[in-house]
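Since the structure comes first, as structure tokens, the remarks are kept for the end.
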Amino acid sequence: MDTKLRALKVQELKEILSKASIPPGNAKKQDLINKILANPPAIDVFHTLHPPKNSKPVPPPDHDDLLAPPEEVDWTVEVSIPVEPASPPKKSEQPPSSPAPAAPAPPTLVISEEDKRKARAARFGTTYVEPIQQQPKKATGENFDKLKARAERFGAVPSATKVRGKRTAPVENVDPEEQERRRKRAERFGLPLSGKA
């Protein structure tokens with residue numbers, strides 16, 4: 001409705017207000033529109049002068065005015081809502097039979113990784129490139145000798161002589177003063193003494 005009022009000229013807006021017996025005064029166009037919207041008699045005059053085109057008459061709303069102030073509610077009154085107790089489930093007249101056999105699980109389709117990669121390549125429109133399998137290098141006698149010589153030179157244990165399993169802690173050279181400190185700390189905190197002390 002505001003847009004329809006904006007489409008009218010100032011003279012037409014003043015005419016609507018004067019027919020609704022509201023003094024228009026020397027106001028701007030927006031002030032005249034606000035006066036019309038604020039006064040229901042002016043709105044009725046507007047509807048009589050400018051009836052809506054090709055529209056059905058709108059029935060008055062039934063107490064459903066969104067702009068009306070909210071109803072006063074007395075929050076001190078407690079309203080109880082009746083609650084029906086849940087009825088027990090009806091028992092079937094047939095005795096319970098043995099549990100029905102479980103439906104067989106649908107067969108799971110086992111797809112290899114290569115098939116998955118091919119399907120993904122097809123889905124994204126790329127070409128499938130097979131991964132390159134690297135062969136482990138075989139230690140020849142000459143290489144083994146070089147590795148052993150290197151290990152001796154740098155103090156490392158060659159891989160062929162390494163013991164598989166649990167690693168041992170490196171050997172510590174601890175002076176007697178440090179050993180005494182560790183022993184006292186172990187006694188104070190209740191820690192087990194290590195066998196190296």
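Keep in mind that what you see is a predicted model, and the values were worked out from it rather than measured.
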- Task: In plain terms, say whether R181 and E178 are close enough for a salt bridge, that is, a side-chain N and a carboxylate O under 4.0 Å apart.
- Result: yes
- Message: Please identify which of these residues, V45, D44, I43, T48, meets the side-chain contact (heavy atoms from CB on, under 4.5 Å) condition with I16.
- Response: V45
- Query: So do Q179 and R182 actually touch side chain to side chain, heavy atoms under 4.5 Å?
  - Reply: no
- Message: Would you say that more than 12 heavy atoms from the other residues, nucleotides or ligands in this model lie under 6.0 Å from the CD of E187, or not?
- Response: yes
- Between L32, N34, L37, which is the residue that forms a side-chain contact (heavy atoms from CB on, under 4.5 Å) with L5? L37
- Query: Who passes salt bridge (Lys or Arg N to Asp or Glu O under 4.0 Å) against E130, sequence neighbours left out?
  - Reply: none
- Can you measure from OG1 (T3) to CG (L8) and round to the nearest 0.5 angstrom? 10.0 Å
- One should read off an interatomic distance between I36 CD1 and L17 CG, to the nearest 0.5 angstrom, of 4.5 Å
- Residues forming a side-chain hydrogen bond (donor to acceptor under 3.5 Å, both in side chains) with S112, sequence neighbours excluded: D115
- Note on the structure: Nearest heavy-atom approach of A121 to T127 is CB-C, 4.3 Å
- Which residues pass the salt bridge (Lys or Arg N to Asp or Glu O under 4.0 Å) test with R6, sequence neighbours left out? D2
- How would you list, by chain and number, every residue that makes a salt bridge (Lys or Arg N to Asp or Glu O under 4.0 Å) with E180, sequence neighbours excluded? R183
- Transitively linked via ILVMFWY side-chain contacts under 4.5 Å: V10 with L49? yes
- Message: Can you list everything that forms a salt bridge (Lys or Arg N to Asp or Glu O under 4.0 Å) with K116? Sequence neighbours excluded, please.
- Response: E113
- Considering residues, nucleotides and ligands other than Q11, do more than 12 of their heavy atoms fall under 6.0 Å from its CD? no
- Qualifying salt bridge (charged side-chain N to carboxylate O under 4.0 Å, His left out) pairs with a residue from residues 18-35, counting only residues at least two apart or across chains: E15-K19
